[in-house]
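A quick write-up on the structure given underneath.
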Amino acid sequence: MLVGLGSMAGMIHAQQTGRSDLQLEINREALLNKGLPEQIRINAAQLLLLSPEQAARKVILDCLSQPDQVTAHAAICKAISRAKTVPNAAELIGPVLRLLASPDQNISRLAAEAAVAFGYDVIGPPIERMVTEPNSPLSTRVNAIYALRLQPDKRAAITLLTLVDDPNKQVVAQAREALHAMGIPEGRDREDRKQIIQELRAKTREEFMRDWVLRQEQLLRLEREKLKQEKDRVSGFWTSFIQTVDQLYGVLPTDQERIELLTRHLKDPAPELRLWAIGKLYQWRTSGRPIPGEFGTIMASVVADEDRRVRLEAARLLSITGQLGPVDQLLARLDAEQDEQVKTMLLLALGQACDFRLGTPGSPQVSTEVRQKTLEWAGQFLGSNDPNKIRTGAQVMQRLLDKPSILPAEDVDRYLKMLEQTVGQLTSSQGQLKADLLRVMGLLCDPQSGSRELACKRFGPVFDAAYRDQDDRVRELAVEGMILVDPGLALQRLRQGAINERNPNIRAKVIELAGQVGTPEDLEWLTARLIPKGPDLDPAWQAICSILVRADLSVAGQWLTRFKSQDMPTRLQAQWVGLLQLIERKAAGSPSLLRQVLGELVAYYKAAGDAQAEAGALARLVELSEGQQRAQLAGRLLGIYIGLGMTDEAARLLSKALEQQDLTDQDPLVQALWQSRQADKGSREVLEAVLKSVTTGQGRPNWERIKGHLLGSEE
């Protein structure tokens, strides 16, 4: 068997390796295929670049080392520029610097843009060496100047200032152009430049970046018209600029400064900056922090932005933060929007905004007209052929209908009927969509739902029918719905198939339900799930215990006998002792059953070698027993006390017995004392301490004699 498993594991590993190698080869061919669209080659480069496999990194490095792979070089540089982090950056720095020195200006510029991703601490020093080395080819120095121009770091600006005094006039011209692009003054003369350099060095990184961003914003406004004809350069510039803005945002010390930066960029004419600001607000919200309320008025205008991308991302943001949603503006925008994807996200945002206002005390009210129009839009989406629009319509409908008194009952039932009819029209191939709609129906049947009563009446038959579906996802949601509608009735319908249920999730739900509302009738099928190491062992046992706690004491006694006859003490020891402890607590008013349980506990603890627990259970059993049985149990308990060194407990047990009567040589207590005297040295020492601690009144001559013999020398 082990050999077979090992072979199987090897086959699986080989298959996985084969799939990995195949995917690697596909990405490699896509990267090197000059006939494919550029975006496909860039995507392939990104997959290879971000892959953790060494073979993928080798493909990247091999491509960069081949001088004739110009299109692959371009794709790799663009992939690096777009990556937020560059894995194993050290391996790529050398190849990127070689491309930067290329006489091909397009490749060198792409390499310069890629260099921004490495950070100046890593890439800056080698670029500075390229540009300040007089023996470097002029084209290399010019390329390096362009790379410095893109670096948002004061050290790059300082290096460019020193180049203004370079002997080579072309280097001087390129350095001046770069400084102008960065918004850094070049100075009137060498002394003036020294002063500028000193001022730059005195600035903190945050101060430099703040000034840099402001200068870039000014330059962008002046050169926007010129840059319209240079889309590639604009793209590279935006990549660099957004990265720098992002870095500035990261180093701002307070939320208030971040809010001011985001507010400014949400109002910026450039859609790229508006998109960046929306993205930061999305991160803000998904990190668990509420977005400051002052953004609410701004978002009202952003959802109507002229740029489709901005409208889409603004609506996506509002779909997760209802407190900012401008309900009236969202509804108006929904009527006017032509793009279907944006329209879908707007409806989600509107539903979220209504949900927040309706469910938050003190929030602005949502008028009946807005409620009706929102639900009408949700109904239109529900009647669509697009699964995403159907989901959106159902989700928005649920968010409103679970609020109490949202609309008159007949209107609420009309929308519930729409959900019912939509589920009924779905085919067997639409299992995931059907499951999603059943989940929405379940939420409307939840005890907290304001439409629970109407929803349960309408959706109960839907859940019953869906339970017979072939799709496990549908059946699981159907079971949840049946339980929400009527837990007791659901258990009656589900218990028959629970034993042979193939879906473990459904079995778990039914077993949990039995624990909550089950009766002694359910103990039969639950007991069948008590399979050692079986997947249902623990939940089934918990359900059994819950039922026994609720049931009459006679039921617990009957099942105690049945479980023992089924050899539970051996097969399921933990469950057996748990059952005994449960019945022990429950049987306080039934001495006979309690004696039986305590006797079983004593036997269990003895078999387990737990003398401490055995003594505790035995002490209780002694108190409940009478006559000779009590005497025998007391003698056994005394022996355990002495064996455990429990001197005080043993002395109290003897003293209590002597209060009742004198002891004889045949008394089990005395016999236990003689057995302890004949045991090891430790037991004899405990025995001596016990005998000296025992107190008696007058008239116990037998005990005094026995005590004397026990304390005398060994015979």
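Values below: every heavy atom of this structure, side chains too, minus hydrogens, waters and symmetry copies.
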Output yes when Lys194 and Glu191 qualify as a salt bridge under the 4.0 Å nitrogen-oxygen rule, no when they do not. yes
Applied to residues 274-283, the salt bridge (charged side-chain N to carboxylate O under 4.0 Å, His left out) test, sequence neighbours excluded, yields Asp246-Lys280, Arg274-Asp305
Within a radius of less than 6.0 Å around NZ of Lys58, do more than 12 heavy atoms belonging to other residues, nucleotides or ligands occur? no
Heavy-atom distance under 4.5 Å between the side chains of Pro152 and Tyr120, does that happen here? no
Just wondering, do Leu350 and Leu318 contact through their side chains at under 4.5 Å, heavy atoms? no
Which atom names give the shortest non-hydrogen contact between Lys434 and Leu426, and what distance separates them? CA-CD1, 3.6 Å
In terms of side-chain geometry, is the basic nitrogen of Arg333 or Glu337 positioned less than 4.0 Å from the acidic oxygen of its partner? yes
Taking the side chain as everything from C-beta on, heavy atoms only, tell me whether Phe118 gets closer than 4.5 Å to Gln151. no
For the residue pair Val370 and Cys354, what are the closest heavy atoms and their distance? CG1-SG, 4.3 Å
Review item, side-chain donor-acceptor pairs of residues 320-330, under 3.5 Å, at least two apart:
unit_1: Thr321; atom_1: OG1; unit_2: Gln323; atom_2: OE1; d: 3.0
unit_1: Thr321; atom_1: OG1; unit_2: Gln323; atom_2: NE2; d: 3.2

Could you walk me through whether Arg109 and Glu113 pass the salt bridge (charged side-chain N to carboxylate O under 4.0 Å, His left out) test, one step at a time? CA-CA 6 Å; Arg109 293 208 164 197; Glu113 292 164 7; over 6 Å; no
Between Arg28 and Leu31, is any pair of side-chain heavy atoms under 4.5 Å apart? no
Check Glu340 with Lys389, please: is the shortest side-chain N to carboxylate O separation under 4.0 Å? yes
Is it possible for you to check whether Lys154 lies under 6.0 Å from the centre of the six-membered ring of Phe208, through NZ or CZ, and within 45° of that ring's axis? no
Given 3.5 Å as the limit, does a donor-acceptor pair link the side chain of Glu207 with the main chain of Thr204, or not? yes
Is it the case that over 12 heavy atoms from other parts of the model lie below 6.0 angstrom from the CZ atom of Arg264? yes
Heavy-atom nearest pair, Ser384 first then Ile390, reads O-CD1, 3.2 Å
Which of Asp166, Asn168, Thr132 passes side-chain hydrogen bond (donor to acceptor under 3.5 Å, both in side chains) with Arg141? Answer is Asp166
For a 4.5 angstrom cut-off between non-hydrogen side-chain atoms, does Leu49 reach Ile80? yes
Tell me if a side-chain donor or acceptor on Thr159 pairs with a main-chain N or O of Arg155 at a distance below 3.5 Å. yes
Looking only at side chains, do Glu257 and Thr254 share a donor and an acceptor under 3.5 Å apart? yes
Distance-only donor-acceptor check, side chains Asp62 and Gln66, under 3.5 Å: no
Within the structure provided, determine whether Leu160 and Arg176 are in side-chain contact (heavy-atom separation under 4.5 Å). no
Decide whether Tyr146 and Glu177 meet the rule of one side-chain donor and one side-chain acceptor closer than 3.5 Å. no
Would you check if there is a donor-acceptor pair between the side chains of Arg399 and Gln352 at a distance under 3.5 Å? yes
Report the C-alpha distance between Asp307 and Arg311 in whole Å, list the side-chain angles of each, state the deciding distance to 0.1 Å, and finish with yes or no for side chain to side chain contact (heavy atoms under 4.5 Å, CB included). CA-CA 6 Å; Asp307 191 294; Arg311 296 198 308 276; 5.8 Å; no
Is any side-chain heavy atom of Ile278 closer than 4.5 Å to one of Leu262? no
Within the 4.5 Å heavy-atom criterion, are Asn33 and Thr71 side-chain neighbours or not? no
Counting only heavy atoms not in Arg289 (residues, nucleotides, ligands), do more than 12 fall under 6.0 Å from its CZ? yes
So does Glu38 pair up with Arg41, basic N to acidic O under 4.0 Å? no
State, to 0.1 Å, how close Thr140 and Ala101 come at their nearest heavy-atom pair, and which atoms those are. OG1-O, 3.6 Å
Tell me whether Glu53 is salt-bridged to Arg57, with the criterion being a basic N under 4.0 Å from an acidic carboxylate O. no
